[in-house]
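Below is one structure; the comments refer to it alone.
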Amino acid sequence: MLEVAPGLPGRYLSINKPGFPLQQWMITEVEAYRGSDDLACHASKGRTPRTEVMYHTGGKLYIYLIYGIYWMLNIVTGEADNPQAVLIRGVTGFDGPGKLSKGLSIDRSFYGIDLVTSDLIWIEEKKRESIKVLKGTRIGIDYAGDIWKNKQWRFFVSNSE
DNA sequence: AGCAAGATCGGT
DNA sequence: CCGATCTTGCTG
C-alpha cells in the first residue's frame, strides 16, 4: 500500500448509481494503514467481523462508522492475510472523510464491494496531469503512539491544502 | 449486559 | 475545547 497510496491522489472515484448520472471526483487526499504492527490500523487489534475484509486480497472496500456519525471509506490494498488499507480522506468538493462519505452517500452497504468487478463504484485513472503529491503525518491517531503517529503516510494533492 | 473508545466535524 | 451519537469489541 505504500506502493498504492501515493498513486491514488489524482485518480477518479467513480460512482454509477442506477437512475443517476455517472459521478466522478478526483481523489485529493489519502492515508495508508498497514498491517497488524501499525498501532493506528484497526487490524492491530486483531481479526474481527469489522476488520475481516482487510484480511482479504486488495481491491475491496473497508467501511466503518466512527463516533456514531461518520462513515469512513477505505480501500483494502494488501494480499490475503496481510491487513492493509487506504483511507480516502478527500475528493474534489469534499474535504474530509466524514464529509466525503456524507456527500457521496457512502454507508455500510458499500462494505466489501470489489472495486475491480463492481459497476457501482470503482477507481479510474484519467489523464494524469502533472499532479504533485505531497506527504505528511496521518490525522487523528494520537492514540497510536509516537512511532506510528509520526509516519509520513498521508498523501495529498499539493493544491488541496 | 454493561462499558469505554473511536482514521470526525461543527459549534462555543 | 467539547459534545453528538452508535457500533464494536472486550469484560463479566
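Chain A is the first sequence line, chain B the second, and so forth, proteins listed ahead of strands; every chain is numbered from 1.
- In this structure, A/K126 satisfies the cation-pi test against A/Y12, with its NZ or CZ atom closer than 6.0 Å to the six-membered ring centre and inside 45 degrees of the ring normal.
- In this structure, NZ of A/K45 is placed 11 Å from C1' of B/dA4, rounded to the nearest angstrom.
- Of the side-chain N and O atoms in A/R47, none sit less than 4.0 angstrom from OP1 or OP2 of C/dT8.
- For A/K17 and A/D119, the salt-bridge test fails: no basic side-chain N is under 4.0 Å from an acidic carboxylate O.
- Interatomic distance, OG of A/S14 versus CG of A/L120, reported as 11.0 Å (0.5 Å rounding).
- Between the P atom of B/dT8 and the CG atom of A/L73 lies a distance of 14 Å, rounded to the nearest Å.
- When rounded to the nearest whole Å, the span between CD of A/Q84 and P of B/dA7 equals 18 Å.
- For A/E52, the CD atom is densely surrounded, since the number of other residues' heavy atoms within 6.0 Å is greater than 12.
- Smallest separation of non-hydrogen atoms from A/L61 and A/V53: O-CG1, 3.7 Å.
- Taking the charged nitrogens against the carboxylate oxygens, A/E29 and A/R154 do have a contact shorter than 4.0 Å, which makes a salt bridge.
- Whole-Å rounding puts the A/E52 CD to C/dT8 C1' distance at 15 Å.
- For DNA chain B, the residues of residues 58-69 of chain A within the heavy-atom distance limit of 4.0 Å (strictly under) are A/Y64, A/I66, A/Y67, A/G68, sorted by number.
- Rounded to whole Å, atom P of B/dA7 lies 18 Å from atom CD1 of A/I75.
- Look at CG on A/D142: it is 14 Å from C1' on B/dA5, rounded to the nearest Å.
- Here the CE-OH distance, from A/M72 to A/Y64, works out to 6.0 Å after rounding to the nearest 0.5 Å.
- As judged by a 4.0 angstrom heavy-atom cut-off over every strand, A/L87 is placed among the base-contacting residues.
- Salt bridge status for A/K151 with A/D38: absent, with no side-chain N to carboxylate O gap under 4.0 Å.
- B/dG2 and C/dC10 make up a base pair, with Watson-Crick or G-U wobble contacts both under 3.5 Å.
- Per the geometry, CD1 belonging to A/I106 stands 17 Å off P belonging to B/dT8, to the nearest Å.
- With both pairing distances under 3.5 Å, C/dT5 is matched to nothing as a Watson-Crick or G-U wobble pair.
- Salt-bridge annotation for A/R89 and A/E31: present, with a side-chain N of the basic residue lying under 4.0 Å from a carboxylate O of the acidic one.
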Under 3.5 Å, N/O pairs linking protein and nucleotides 9-12 of chain B:
{"from": "B/dC9", "atom 1": "OP1", "to": "A/P97", "atom 2": "N", "distance (Å)": "3.2"}
{"from": "B/dC9", "atom 1": "OP1", "to": "A/G98", "atom 2": "N", "distance (Å)": "2.9"}
{"from": "B/dC9", "atom 1": "OP1", "to": "A/K99", "atom 2": "N", "distance (Å)": "3.4"}
{"from": "B/dC9", "atom 1": "O4'", "to": "A/Y70", "atom 2": "OH", "distance (Å)": "3.0"}

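- Counting non-hydrogen atoms under 4.0 angstrom, A/R50 reaches the backbone sugars and phosphates but no base.
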